[in-house]
Amino acid sequence: MHLGIDSSTQSLSGLVIDVASKKILAEVSVNFGEDLPQFHSPNGFLPGGEAGEVHADPCLWLEALDMMLQQMSSQVDLSQITSIGGSGQQHGSVYVDGSFVERLGALDPHSDLVTMLKPSFTRVTSPIWMDTSTAAQCREIAAAVGGDAEVCRRTGSNAIERFTGPQIRKFWQQEPAAYERTSRIHLVSSFLCSVLSGCHAPIDFGDGAGMNLMNLADREWDREMLAATAPSLAVKLPALSAAATPVSMIAEYYVVKYGFSPSCQVGVFTGDNPASLVGMGATTPGQVVISLGTSDTFFAGMNAPHTDPRGFGHVFGNPAGGYMCLVCFRNGSLARESLRDQYQLDWSAFERSGLSQTSPMHDGNVMLPFFGPEITPRKDFSQPVRSGTESFKCGNNPAEQVRALLEGQCLNIKHHTDWIGIPIDRILLTGGASRNDGIAQVVADVFSAPVERLLIANSAALGAAILASVTDGHSMTEVQELFCQPAPDSRIEPTPGLTYELAMEKYVSLLASV
Ligand code: ADP
Ligand code: XUL
């Protein structure tokens, strides 16, 4: 049996798989807001941050880990777990002093993780991926190494506000003494892996690439990026390693407290998106995942580490080897909800029945589908831009607006992921809006590729459990075949003979005109 742990923005979940019986044996989730109200973080972070700062209390993640394991121990016999894998929200960082590793080596099963580890934090709160407070540091880092294109060439992404390097630079600038006292800077993933294994764990190539510090081609810390970020950084960073590489046996604390076997192995954790790629069964290039959540995210496996010439996309290490791309679109469900509410519609207007009132590329109408600032492309939109018939431009017919919004969103994703250069065989759709067959049909049509949805919703935790099985010697592909199955009747084929080439030309020229 293998345990996968995913520590995401709003919850920490555990999922147990059994390869022999091909079954998911247990799933437990601790919701940070509901289950741990004492941390005053209803959405997993501390509200009220100023100037774009979004931080979380790292003690919250420790308490959630204890709570999840406690609940899990009443559902499964944890002595049967042979290995643990994991993932964490990307980019977030945890800062500890030299006492951390001694404390890890002496965890007392009669106490709890927060009480024992809290004194070692040198930065009381952890910046997370929603933080946008480091624009100045991004500019400074890029200038020091020769511009954003050079940062992207080295690390796979331009200098990005939420990425860990700019966050570390800000900490060094604002709290130099606390930075000095910091002996190790972990990501959320490597922090939790350390806490379970009782020693400093490495950062994997997937999550490490989300820091603007790792050289993508060498898979080592990039000396110039480190020098441009903060002094003496090399000695404060964990080692880099492939995800699922064995780190150590689980610490005795968990053996005594929760009944784990002393021989249970802990493997190197990764980021939630690389873990999702594994859990969706989409690690092989040619398959792509589109997640239609609060924002929309596109990610896919890639062989070579070529980067986005427009500078919007990111390249990370793929836990299966090679690379993966990730592109985020801010106006995802938020834009679909804005349009729905503006016209007082419900989701049925976005279903096939609603869309059947119009035809694809209806009257040649095109919409830039942005209700607020967008990151891909980076532009401060405040409302959609429309081109087409007068009636459409006036926003008259709700059915026309819904179709143009969905087509515009898909055209925008397709256009901004064209640099990946891999023909798409299959699209795996996930996230809250993926259950909508109308939206799924538009995705299939615009991309001219079949769309499938998977049986399991928590793909990061499943990916973490699959990585745990790899730590224990299983083949990733074989375990993916057992667990990453499409839901029955979930496949949607592109409409025969339909092509969006002309619509794409119109979309790109409308985008260029604003
Ligand atoms: P996140 O994980 O980013 O918080 P989810 O993946 O859970 O978000 O997606 C939530 C969103 O899914 C909601 O905000 C809502 O807009 C959208 N959604 C839910 N049901 C439907 C539906 N039937 N059709 C379209 N969108 C939907
Ligand atoms: C990716 C990103 C988020 C976080 C949280 O770059 O910032 O997807 O990983 O899920």
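Being a predicted model, the structure only gives us computed values, none of them experimental. Order of listing sets the numbers, starting from 1, for every ligand and every atom in it.
Looking at Asn436 against ligand 1, only its side chain comes within 4.0 Å, counting heavy atoms. At a heavy-atom distance under 4.0 Å, no atom of Thr430 approaches ligand 1. When heavy-atom distances to ligand 2 are checked against a 4.0 Å cut-off, Thr297 has no atom that comes that close, whether in backbone or side chain.
A salt bridge does not link Arg153 with Asp222: every distance from a Lys NZ or Arg NE/NH1/NH2 to an Asp or Glu carboxylate oxygen is 4.0 Å or more.
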Evaluate Arg386 against Glu400 for salt bridge (charged side-chain N to carboxylate O under 4.0 Å, His left out), listing each step before the verdict.
CA-CA 11 Å; Arg386 296 171 170 89; Glu400 283 182 358; over 6 Å; no
Chi angles and distances behind the side-chain contact (heavy atoms from CB on, under 4.5 Å) call for Val402, Leu339:
CA-CA 7 Å; Val402 170; Leu339 191 95; 3.7 Å; yes
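With hydrogens left out, the protein atom closest to atom 11 (C) of ligand 1 is Ser333 OG, 3.7 Å, a heavy atom. The protein atom (non-hydrogen) at minimum distance from atom 10 (O) of ligand 2 is Asp272 OD2, 2.5 Å. Protein heavy atom at the shortest distance from atom 4 (O) of ligand 1 is Thr294 OG1, 3.1 Å.
Taking 4.5 Å as the limit, every side-chain heavy atom of Asn212 sits out of range of all side-chain heavy atoms of Thr164.
Atoms of ligand 2 lying under 4.0 Å from at least one heavy atom of Arg162, given by number and element, are 1 (C), 2 (C), 6 (O), 7 (O). Here is the list of ligand 1 atoms found below 4.0 Å of a heavy atom in Ile439: 25 (C). Close approach of ligand 1 to Gly293 (heavy-atom distance below 4.0 Å) involves ligand atoms 3 (O), 5 (P), 6 (O), 8 (O), 9 (O). Using a 4.0 Å cut-off to heavy atoms of His91, the atoms of ligand 2 that qualify are 1 (C), 2 (C), 6 (O), 7 (O). For ligand 2, the atoms closer than 4.0 angstrom to any heavy atom of Gln90 are 4 (C), 9 (O). Atoms of ligand 2 lying under 4.0 Å from at least one heavy atom of Asn273, given by number and element, are 1 (C), 3 (C), 8 (O), 9 (O). Short contacts between ligand 1 and Gly431, defined as distances under 4.0 Å to a heavy atom of the residue, involve ligand atoms 6 (O).
Classified by interplanar angle (parallel below 30°, tilted 30° to 60°, perpendicular above 60°), the ring pair Phe121/Phe191 is tilted. Using cut-offs of 30° and 60° on the angle between ring planes, the pair His314 and Phe316 is parallel.
Between the side chain of Asn215 and the backbone N or O of Thr155 there is no donor-acceptor pair closer than 3.5 Å. Of the possible polar contacts, none joining the Trp221 side chain to the Ala239 backbone as a donor-acceptor pair under 3.5 Å is found. No donor-acceptor pair under 3.5 Å is formed between the side chain of Thr430 and the backbone N or O of Ser291. At least one donor-acceptor pair under 3.5 Å links the side chain of Arg169 to the backbone N or O of Thr229.
In terms of polar-atom proximity, Gly432 is counted as a contact of ligand 1, with an N or O under 3.5 Å from an N or O of the ligand.
Counting protein heavy atoms under 4.0 angstrom from atom 2 (O) of ligand 1 gives zero.
Comparing heavy-atom distances from atom 14 (O) of ligand 1 across Glu337, Arg435, Arg340 singles out Glu337 as nearest.
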